[in-house]
Structures are given as structure tokens and as C-alpha cells.
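First the structure, in the form of C-alpha cells, and then the observations on it.
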Number of protein chains: 4
Amino acid sequence: MVHIDKNSSRAYYEQLVLGIKEDILHGILQPGDKIPSVREMAKQLLMNPNTISKAYKVLETEKVLVTVKGKGTFVRAIEETPRDEIRVQELKNDLNELVIEARHLQISQEELVQWIKDAEKSLGGHSS
Amino acid sequence: MVHIDKNSSRAYYEQLVLGIKEDILHGILQPGDKIPSVREMAKQLLMNPNTISKAYKVLETEKVLVTVKGKGTFVRAIEETPRDEIRVQELKNDLNELVIEARHLQISQEELVQWIKDAEKSLGGHSS
Amino acid sequence: MVHIDKNSSRAYYEQLVLGIKEDILHGILQPGDKIPSVREMAKQLLMNPNTISKAYKVLETEKVLVTVKGKGTFVRAIEETPRDEIRVQELKNDLNELVIEARHLQISQEELVQWIKDAEKSLGGHSS
Amino acid sequence: MVHIDKNSSRAYYEQLVLGIKEDILHGILQPGDKIPSVREMAKQLLMNPNTISKAYKVLETEKVLVTVKGKGTFVRAIEETPRDEIRVQELKNDLNELVIEARHLQISQEELVQWIKDAEKSLGGHSS
DNA sequence: GTGGTCTAGACCACC
DNA sequence: GTGGTCTAGACCACG
């Protein structure tokens, strides 16, 4: 499942956050599943437990995971959570910036739309 | 024109880079136009000249601006630059991540596509 | 390895950029190697960390180094990067100007070609 | 003859210096020819006389031109001047740096040599 | 420990 | 006037 690219300029914990989100969308992780403990994940990925812990915390505040004290950390169903309009706005903003970049790289609107469709296809229909 | 949000987590110079790119796509800045000098822009935005300079340099390496020592900094025509496939690939990757985020925020594919169309519309047809 | 000539008219950071490139071609620095940290290099060369940082950043945009925040800066494999035709053109232009200078200094074509062969020889075959 | 590219990042006076050297090698300017006065050249090129003057001064110290007070500025024969070994060394150094750049841009030795031959060919045999 | 950002202020070359 | 370089020193995020 999750794989950390040590040469990426992206922070490890961010790669982990993204990787888990991707696994959920792929259906590799299902709602209710228990994910490995911080220590175990740290062993698997050869990383510092602090880094894993940070990723889990982020995913908790984003309501992707729930930690039950003494039991472990679990995947939450996406539908459980109301759409967070603040983060939606941020994402929309990010997309606007991406479109500006795209135009400067001479990428057409059609191409962008195609990219989205490709991305969605590769994720499969597990969330709909 | 450009406005810097001092509360944004994004670096000032990156906001400036993006703002200038946006102004170009909006047609507010046209190829050949002289943009405000480093010192003047610094005064306008209440920032340090070094920060402005950094933004201008980034835009120069991205072939968006040309700077002539002793004369000033000027807008370059977008068509002058061949598509940089490395950066295109990076952008595609960013978009993939954005799509993952979107799914977790329960944003549909259709909505994303609509956002892109809205973004492109607001930029106008100045580059096509 | 790298040495900065404080009397040179060339900017310190440019000398550093060139020196690192040379070390890579000489095989002193190998792909994957970690280069000294900004602060350490600054100490070694008796320079300001900002200046070192600038050199590293240039080398990163030129795809010679990769930097991972919190970990350090690393040498990238040359073959990873596709040939940048814009920079190739600029270099060709520089060479044209150099040939003009050479003629005025009464340096023959044969001599120039010999210089190139000498230069290549001293760099060794590490990239071929 | 000489043409100044206002968009080039190279200083005007340097472009002029190079342009005149090129014209000499092309045979457009012959030894003994009188070149236009500073004022006239300034008018022709729509530039500041100071800039022209600086270029002429550089060419004088490089022994490419001679100024005879009250008569004007004249082209000198290349052979008149002994080879300036200091500048030859500098040029050799520049070429070394250029070779390093070339290697990083994945340009082969053969290609560089071909470029030199092309450059020499375009200059013609006027100096030999 | 690592690099990234930002400010402040100095000096230089070009126009 | 313009941008470019360099220093000094502060603060932040990542591991």
C-alpha cells in the first residue's frame, strides 16, 4: 500500500496522509478498518514514529480517521462527515492557481478536464 | 492589481509570482509591458525589495518575465516558450493529489470540471 | 573540492554552482550523495549561508541537485533530466561569441578544438 | 550591420563591442576603416552616447580600435597586436566552464566541435 | 540537525 | 534610475 518517496521534496507526513487517502479511495482501506499502530507503521515504513503520528493527527482533524483510546485508529466512512465548506473553498482556490499555472504551461482546458477524468478513473468507483 | 495576503500560509514571493501570472492572463499585463521596479513594488506592497526580487527572478527562470539590468523587468510573450514537459508532469501530479482531496471532501468530478471552466472563463481568452 | 576565488569578478554563488558541477563530472560527487549542509558549506568557505543557499537553489532548478527539507541536499543523476533545448541554444550562442573573441585574440580553430578536448579529458569519462 | 537587441539581458555596450568585432571578422569593417563617431552611432542605434562611448573605450583597450584625436576612430588590423596571453587564459577558462555546462546539458564533445566549425564558417576566412 | 522565508542595509554595474 | 550580489541575523517547518 502506502509508499514513501524519500527523494520527493514533499514532507514525509504529507505523503503518508495522501497515501492513506488514496488507499481509502481505492478500497484497499475500508470504513471501519483498523489501521496499523503508529509504532508498527513506523517499522514498516522505516520512519520516525513522530512522523507517523503527525500524519494520523492530520487525518483525524480531517475526519478521515478516528482514534478510540485503547482500541486503535480506524477508517471513517467518507459520507459520515458533512462537507467542510472552508476546505472546499481552499481546494477551489488551489484549483484556480493550478489553472493559472496550466495556462502558462500552455495546457488547454480540455487537457485539464481529461486529466481529472483519468485521475477519477484510476481511483475507481469505491466512493460513489 | 496584485495583492499579498499577509495571513496566507503561502510565501509572499509565491503569492506575487502567482498574482503576476494572473494579471498576464487577464490581460492587465501585456507582453512587452514594463512591470514596476523592484523598489517601487516593494513600496507598494510594503515588503522588502529582496522578496520582490526573488519573485521576479522565479518568473524569469520560468520565462514569464525578462529583466534587463539598468532598465527594468518586462513581460514576455507566452508563446515564446516551448512547453516544459517536466513541469507539465509535476502539474499533472498536483492535479491527481487535488482530485484525491476532492473525493474526500465529497466533491464530484462534474463539480471539479465546472470549477475549471469557471476559472478559465474568469481568465478570459487572452492567451488563445 | 570546491574553492571560491574572492578576487574573481564572477559572483560567489556562480563559482559555487560551477564548482559543484565540476565535482560531479569528476566523479567526486556521485548521484545520490549528500552534499554539505548550507550552514556547513558556509563555514567551510567562509561565506554567508544565504549565498550557499542561492547556489543550491540554482542547481536545483537546473535539476542537478534535489533538496529535501529537513534532510539535506543531494546529487541527482544527470541522465534523469531531458536536454533543455532553450539552454542548449543559449550555450551555443555563448560559444559563438567565444569564437569571435578567439579570432580577435588570434586563436585558431584548431587550438579551440584542442582546448575542448583537453577540457573533456580532464573531466574524465564519468558521464558517458 | 550592428544590431542591438533591447530584450537581451546582455548590456548594450557589450552587444555593441561584440557586434563590431563580428563586423570586422565578416569583413564589413576593414582595417583602416573609420567607424561612425560616438554621436552618429548613438543616433543610428537610438542609444545614449555614453553607452557608445563605453563600447569604443573597451574596444580601444582591447586594441581593436584606435582613436586619433581630431580625426576619428579607426579599425586596427588584428595582426598588429601581439596575442594577449592574459586574455587568452581567461578565454580558455571561459571555454572550460562552457564545456562543464555542456556536459550537464548532455552535449557531446563532437557536437561542441561541430558548433565551433559552424561558427568559424559563418565568419568566413577574412582574418586568416 | 536540515532547508526556506523574510527583513534590513550595504555596495556594485548598467543606463 | 534600474536590477544583482552579499552579509547579518531572525523565525519557521520538517525529521
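Side chains are part of it too, since the values below use all heavy atoms of this structure and drop only hydrogens, waters and symmetry mates. Each chain gets a letter, A, B and so on, in the order the sequences are listed, and its residues count up from 1.
- OP1 or OP2 of E/dT2 sits under 4.0 Å from a side-chain N or O of C/S37.
- Of the listed nucleotides (E/dT7, E/dG4, F/dG4), E/dT7 has the atom at the smallest distance from the side chain of B/M47.
- Straight-line distance from the CE atom of B/M41 to the P atom of F/dG1: 18 Å, rounded to whole Å.
- Across the protein-nucleic acid pair, B/K57 atom NZ and F/dT2 atom P stand 18 Å apart, rounded to whole Å.
- Of the side-chain N and O atoms in B/T67, none sit less than 4.0 angstrom from OP1 or OP2 of F/dT2.
- B/K71 and D/Y12 form a side-chain donor-acceptor contact under 3.5 Å, judged by distance and modelled atom types alone.
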Table of protein N/O atoms under 3.5 Å from nucleotides 11-15 of chain E N/O atoms:
residue : atom : partner : partner atom : Å
E/dC14  : OP1  : D/Y13   : OH           : 3.1
E/dC14  : OP2  : D/K54   : NZ           : 2.7
E/dC15  : OP1  : D/Y12   : N            : 2.7

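- Taking atom CD of residue C/Q15 and atom C1' of nucleotide F/dG4, one finds them 15 Å apart after rounding to whole Å.
- Of the possible polar contacts, none joining the C/H104 side chain to the D/V64 backbone as a donor-acceptor pair under 3.5 Å is found.
- Donor-acceptor pairing under 3.5 Å is recorded for the side chains of D/T67 and D/T73.
- The CD-C1' distance, from B/E60 to F/dG4, rounds to 11 Å in whole Å.
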According to the Watson-Crick and G-U wobble definition with distances under 3.5 Å, which dot-bracket string, read 5' to 3', encodes DNA chain F, using [ ] for crossing pairs and | for pairs with another strand?
-> ||||||||||||||.
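- Nearest-nucleotide positions on DNA chain E place C/Y56 closer to the 5' end than the other of B/K6 and C/Y56.
- Side-chain atoms of B/N50 and base atoms of F/dG3 include no donor and acceptor less than 3.5 Å apart.
- The CG atom of A/L46 sits 15 Å away from the P atom of F/dG15 (whole-angstrom rounding).
- In this structure, C/I52 places its CD1 atom 15 Å from P of F/dT5, rounding to the nearest Å.
- With rounding to the nearest 0.5 Å, the separation of CD in A/E90 from CG in B/L105 is 9.5 Å.
- In this structure, CG of C/L16 is placed 14 Å from P of F/dT5, rounded to the nearest angstrom.
- As rounded to whole Å, 17 Å separates atom C1' of F/dT7 from atom NZ of C/K43.
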Chi angles and distances behind the side chain to side chain contact (heavy atoms under 4.5 Å, CB included) call for B/E22, B/V2 | CA-CA 9 Å; B/E22 204 171 351; B/V2 183; over 6 Å; no
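- B/I24 is listed as a side-chain neighbour of B/V75, based on a closest heavy-atom distance under 4.5 Å.
- Side-chain contact check for C/F74 versus C/I35: every heavy-atom pair is 4.5 Å or farther apart.
- The pair A/E62-A/R87 meets the salt-bridge criterion, with a side-chain N (NZ, NE, NH1 or NH2) lying under 4.0 Å from an Asp/Glu carboxylate O.
- Without hydrogens or angle criteria, A/Q15 side chain to A/D5 main chain gives a donor-acceptor distance under 3.5 Å.
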